[in-house]
2 protein chains.
Amino acid sequence: MSRSKKKPADSPDDALPKAVGHRLSLYLRELQRLLSDGQETTSSGRLGQLLGISDAQVRKDLTYFGHFGYPGVGYRCDELIDAIRRILGTDHRWKVAMIGVGNLGRALLGYRGFAQQSFDLAAAFDVDQSLVGRPIDEVMVYHLDSLDETVRRLRIKLAMIAVPATAAQEVADRLVSTGIEGVVNFAPVTIQLPEGVSLIGVDLAIEMEQLTFAALNRLREDRSATDGD
Amino acid sequence: MSRSKKKPADSPDDALPKAVGHRLSLYLRELQRLLSDGQETTSSGRLGQLLGISDAQVRKDLTYFGHFGYPGVGYRCDELIDAIRRILGTDHRWKVAMIGVGNLGRALLGYRGFAQQSFDLAAAFDVDQSLVGRPIDEVMVYHLDSLDETVRRLRIKLAMIAVPATAAQEVADRLVSTGIEGVVNFAPVTIQLPEGVSLIGVDLAIEMEQLTFAALNRLREDRSATDGD
DNA sequence: TAGATTGTTAATCGATTAACAATC
DNA sequence: TAGATTGTTAATCGATTAACAATC
């Protein structure tokens with residue numbers, strides 16, 4: 001029997017509920033801000049208040065992977081930051097490839113927020129020969145033909161797809177064959193990946209749609225609340 | 001009594017479950033692709049397959065706001081597209097303001113995907129005088145000081161925040177006072193808005209963290225699946 | 001008609017919240 | 001000690017799935 005009934009505090013044996021992941025990132029961002037504001041400790045109540053969720057939710061999320069709190073006191077920001085980074089996998093750095101150096105890809109190459117959270121843009125790729133061979137924001141641009149060779153040589157494990165929708169699936173397939181571990185797809189199209197590769201889709205037009213949907217939904221709520229009286 | 005027990009087919013009186021909104025956008029994107037590929041009809045099974053969700057889920061989502069299907073046949077793509085756009089609010093166009101014309105803001109001004117889904121970038125704002133007064137990608141750049149006046153004059157209802165994290169909350173507050181209806185925040189910080197304004201947060205570093213989290217979670221799953229045997 | 005697929009109900013599953021003893 | 005806050009259990013809530021009669 002290689003395993004006890006209770007999980008060890010800091011290396012969970014079971015997958016965490018899906019919804020927890022995103023909140024962990026929000027906790028981390030908030031904790032980093034609190035710490036840089038000079039706050040040494042905080043509480044589930046405070047954290048929940050800042051993020052608009054309940055204190056019980058915060059504590060529950062954190063207990064999935066250990067016991068970091070001090071009853072009567074709260075949590076030490078630095079300890080909790082370290083713990084969450086371990087869970088998210090950002091306690092070490094990751095190399096990232098950018099595929100597509102058009103409008104959006106170029107902007108993302110210049111975004112400093114990635115490096116701050118342990119992601120290093122290690123290479124960019126495009127089919128436009130006029131872009132190849134020259135760095136953009138200190139990231140070298142390679143021809144897409146060298147994708148497999150370059151990704152393997154530099155040991156890149158993650159990629160962002162910022163190519164036109166029509167090319168996204170083919171690029172994704174080529175990335176998979178390099179042995180990549182995860183992909184963020186910015187192209188406005190659903191792509192299919194095999195089981196073993198993580199996929200996050202970010203569609204900017206869809207985010208805007210969620211805004212108008214929420215605005216209309218608010219009207220629908222109001223209507224049903226005041227209706228029938 | 002102004003209302004029957006059953007909801008009318010195409011104008012729901014109750015707010016839709018939160019999780020449904022995002023899937024509606026995915027259905028819409030897929031339907032538009034199917035239609036442009038010449039598919040006149042599709043089915044819940046096919047749609048679910050393309051998006052990796054169950055056929056029951058698709059049908060359930062669609063029945064929240066009506067009966068569009070033809071038993072034995074499926075759904076007409078064009079009808080369903082129209083219906084979903086009505087629900088999302090993209091059956092008419094929306095004017096959008098971009099606040100912050102740095103790296104990211106500029107890239108977003110050039111993104112054609114917004115216009116395709118009914119969002120028109122109507123004005124951009126920055127504090128950098130050297131940018132003010134000249135259009136970028138056909139969008140005029142105004143000084144942030146004229147935010148209130150310009151947003152009201154152009155009847156802009158939505159905004160994107162692409163300013164540094166430290167300025168995001170103040171910009172958000174100023175937007176609220178113009179009477180804006182919704183905001184997408186690209187700054188990596190939590191901002192607080194009053195009840196009546198919709199807020200979507202898009203943090204690109206957090207999306208990357210979700211990728212590494214998912215990759216590690218996969219390992220945790222495998223470990224617990226093969227463990228204890 | 002036989003085959004396909006919807007709309008809908010009931011059962012299941014998972015996630016959130018409330019409550020409180022244990023702890024500092 | 002009194003006050004604050006954790007970790008955890010049980011109750012609640014909401015979302016997903018399975019199943020199937022109704023329909024074309």
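Note on naming: letters A, B, ... go to the chains in the order of the sequence lines (proteins, then strands), and numbering restarts at 1 for each one.
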Going through the distances and angles, do A:Asp120 and A:Arg93 end up as a salt bridge (Lys or Arg N to Asp or Glu O under 4.0 Å)?
-> CA-CA 7 Å; A:Asp120 296 313; A:Arg93 305 196 69 80; 2.8 Å; yes
Worked verdict on B:Asp203 versus A:Arg29 for salt bridge (Lys or Arg N to Asp or Glu O under 4.0 Å) | CA-CA 10 Å; B:Asp203 184 322; A:Arg29 195 174 69 176; 2.8 Å; yes
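Of the possible polar contacts, one joining the A:Thr212 side chain to the B:Leu88 backbone as a donor-acceptor pair under 3.5 Å is found. Side chain of A:Glu181 to main chain of B:Leu216: no donor-acceptor pair is present (N/O by atom type, distance under 3.5 Å, no hydrogens or angles).
Atom-to-atom, CG of A:Leu80 to C1' of D:dG7 comes out at 14 Å; the value is rounded to the nearest Å. B:Phe68 places its CZ atom 9 Å from the P atom of C:dG7, with the value rounded to the nearest Å. The distance between atom NZ of B:Lys18 and atom P of C:dT16, rounded to the nearest whole Å, is 11 Å. Atom C1' of nucleotide C:dT8 and atom CG of B:Leu62 are separated by 13 Å, given to the nearest angstrom. Nucleotide D:dT16 holds its P atom 14 Å from the CG atom of B:Leu51, rounded to whole Å. Rounded to a whole Å, the CD atom of B:Gln57 is 14 Å from the P atom of C:dG14. Between B:Tyr64 atom OH and C:dT9 atom C1' the separation is 13 Å, expressed in whole Å. Rounded to a whole Å, the CG atom of B:Asp55 is 16 Å from the P atom of C:dT8.
You'll find that the side chain of A:Ala56 is closest to C:dT17, out of C:dT6, C:dT17, D:dT6. Set against D:dT16, C:dG7, D:dA15, the side chain of B:Thr63 has C:dG7 as its closest nucleotide. Proximity note for B:His67 (side chain, C-beta onward) versus C:dT8, D:dT8, D:dT6: the nearest is C:dT8. In this structure, the nucleotide among D:dG7, C:dT16, C:dT23 sitting nearest to the side chain of A:Pro71 is C:dT23.
Nucleic acid contact for A:Gly69: sugar-phosphate only, since backbone atoms but no base atoms lie under 4.0 Å from a heavy atom of the residue. Using a 4.0 Å heavy-atom distance criterion, B:Arg23 is classed as a sugar-phosphate-only contact.
The number of heavy atoms from other shown groups lying within 6.0 Å of CZ (A:Arg46) does not exceed 12.
Contact between the side-chain N/O atoms of B:Ser44 and the OP1/OP2 oxygens of C:dT5 is not found at any separation under 4.0 Å. Taking side-chain N and O atoms only, B:Ser54 has a distance below 4.0 Å to OP1 or OP2 of D:dT17. Contact check, B:Arg59 against D:dA19: no side-chain N or O comes under 4.0 Å of OP1 or OP2. Put simply, B:Tyr75 has a side-chain N or O that comes within less than 4.0 Å of OP1 or OP2 on C:dG7.
Helical stems involving DNA chain C, defined as 3 or more consecutive Watson-Crick or G-U pairs under 3.5 Å, span C:3-24 with D:3-24.
Classified by interplanar angle (parallel below 30°, tilted 30° to 60°, perpendicular above 60°), the ring pair A:Tyr111/A:Phe114 is perpendicular.
The closest side-chain donor-acceptor pair between A:Arg59 and A:Ser44 falls under 3.5 angstrom.
Between B:Gly72 and A:Ile53, the residue anchored closer to the 5' end of DNA chain C is B:Gly72, taking for each the nucleotide with the nearest heavy atom.
Using a 4.5 Å cut-off on side-chain heavy atoms (C-beta onward), B:Leu108 and A:Leu204 make contact.
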